[in-house]
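One structure is given below, encoded as structure tokens.
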Amino acid sequence: MRVIIGITGGIAAYKAAELVRLFRKAGHEVQCVATSHALEFVTPLTLETLSGRRLYSDLFAPVNEHSTEHVSLKDWGDIMIVTPATANIIGKMASGIGDDALSTLLLAFSGKPLYVCPAMNTQMMENEAVRRNLETLKSWGIHIIEPTEGELACGAVGKGRMEEPERIFDIVTKDLERGPMGGKKILITAGPTYERIDSVRFIGNYSSGKMGFALAEEFAQRGAHVFLVTGPTALSAKHHNIERIDVESARQMYDACMERFDSCEVAVLSAAVADYRPENVYDGKMKKQGDEGMEIRLVQNPDILATLGKRKREGQMLVGFALETSNEMEYAQGKLQRKGLDMIVLNSLRDKGAGFGTDTNKVTIIDRDGNTTEGSLKSKTDVAKDIVDAIELKLKS
Ligand code: CTP
């Protein structure tokens, strides 16, 4: 594996040298990229000797192999770790600033696992802007390896000590060694949507979210970072690699997906999204309308899956679900084509134990090349394994 280690100006920079050594010892290639402040704490000679490669630090230095080193390096590296990460580099990352070698490379480095190991004084760590910036990075799927508590360089005791190099090495390698899903970013939708009629009523459906949560858990266990965009459900997501985003309506789910899809390798849309919503939402509780009944006019919701199908770029994989009651194969294949999918998971409501609310499911997986795999009735956890296996296989090919 090719590891880029970004080093910024904090006393913990000496720990970065140890991290370089650990990766090299384990047989990985390492490229160090340091800010000028980092080099006040650790010398180029130390980093170059330990990594066995020329340090990249000056955006304009004549020794650079190429004038656009930040671009060639982002292609070279498989993963990147910023260690230690000062409040300054975290702020630059969150705001898209590239004013030196490291920050420019970070702007270019996308679609691959990126770890940030903050190290700073406790008050800085608790600063509103720093917390907000870290939350922003997390929402983009960047892995934050939280600092620990202990004695800090300033003499104070508190949170802000950079995690030990051995621990960082363990976290990163464990994430990455879990097969082809290691470090990948996955978008999943789950559950129902609620479409408001008035302040106390909505149009919903019986989806429990169990299939989507089982998928999120399976991906996370295989090392992926999962964005789980879920409609209202009583379920809880357990794995620390799952980032849950709660939404209520189809339009909120749409916005949450659009925000995250570009950074993901795979999207699996298992939510039961309402196709229509009331045109007007009544402010307050609607009163009874008399004996002649009442009408609520519905308007169409955006189709999240079809929109992502159009937006999908080379290398991204899009998987949809189809819940059918008749002409199952024909309808599912039609959706696969129409919505620009790579794969579709078909549930037939004619199968007992399959579909909404149950703990079991029975699915047929159909890919774009027409390959069809019919599964048996299994727990949703086992069905999730089958689906993720099929996705892994497709990604490999
Ligand atoms: N879906 C979506 N956004 C919508 C509706 C559906 O993302 N507004 C996704 C679901 O999550 C699922 C797939 O599309 O992955 C299947 O949706 P479905 O409602 O069965 O497809 P439709 O095209 O609406 O066809 P139908 O006429 O059967 O309702």
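Just so you know, ligand 1 is whichever comes first in the structure, and atom 1 is the first atom listed for that ligand.
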Practice item. Using a strict 4.0 Å threshold on nitrogen-to-oxygen distance, state whether Lys362 and Glu328 make a salt bridge. Key: no
Point to revise | Per-residue contact class, Asn301 against ligand 1 - non-hydrogen pairs under 4.0 Å | key: neither
Practice item. Can you pull out the closest protein heavy atom to atom 16 (C) of ligand 1? Residue, atom name and distance to 0.1 Å, please. Key: Phe321 O, 2.8 Å
Check your understanding: Which protein heavy atom lies closest to atom 3 (N) of ligand 1, and at what distance to 0.1 Å?
Key -> Ile304 N, 3.0 Å
Practice item. Could you tell me whether atom 11 (O) of ligand 1 has a protein heavy atom closer than 4.0 Å? Key: yes
Review point. When you measure from atom 7 (O) of ligand 1 to every protein heavy atom, which one gives the shortest distance, and what is it?
Key: Leu305 N, 2.9 Å
Practice item. Could you label the plane-to-plane angle of the Phe202 and Tyr194 rings as parallel, tilted or perpendicular, counting under 30° as parallel and over 60° as perpendicular? Key: parallel
Review point. Would you say Lys339 and ligand 1 have an N/O pair spaced under 3.5 Å apart?
Key: yes
Revision key, fill the gap. Among Asp275, Leu269, Leu346, closest by heavy atom to atom 29 (O) of ligand 1 is Asp275
**Study point:** Protein contact of atom 8 (N) of ligand 1 - nearest heavy atom, named by residue and atom, plus distance
**Key:** Pro302 O, 2.9 Å
Point to revise | Donor on one side chain, acceptor on other, Thr193 and Glu195, under 3.5 Å | key: yes
**Study point:** For Gly320, atoms of ligand 1 separated by under 4.0 Å from a heavy atom
**Key:** 15 (O)
Review point. At what distance, to the nearest 0.5 angstrom, does NE2 of His239 lie from CZ of Arg222?
Key: 12.0 Å
Exercise for review: Report yes or no: does Lys185 contribute a side-chain atom to a donor-acceptor pair with the main-chain N or O of Ala224 at less than 3.5 Å?
Suggested key: no
Exercise for review: Would you confirm whether Arg21, through its side chain, and Ala17, through its main-chain N or O, come within 3.5 Å as a donor-acceptor pair?
Suggested key: no
Point to revise | Between Thr136 and Asn133: side-chain donor-acceptor atoms closer than 3.5 Å | key: no
Check your understanding: Which one holds for Ala306 and ligand 1: side chain close, backbone close, both close, or neither close, with close meaning a heavy atom under 4.0 Å?
Key -> neither
Review point. With a 4.0 Å cut-off on heavy atoms, does Ala250 reach ligand 1?
Key: no
Check your understanding: Should one rank Arg277, Arg338, Lys335 by closest heavy-atom distance to atom 26 (P) of ligand 1, which comes out on top?
Key -> Lys335
Check your understanding: Which class fits the ring pair Phe23 and Phe169: parallel under 30°, tilted 30 to 60°, perpendicular over 60°?
Key -> perpendicular
**Study point:** Atom indices of ligand 1 within 4.0 angstrom of Ala271 heavy atoms, with elements
**Key:** 10 (C), 11 (O)
Practice item. Give a yes-or-no answer on whether the side chains of Asn347 and Asn361 include a donor-acceptor pair shorter than 3.5 Å. Key: yes
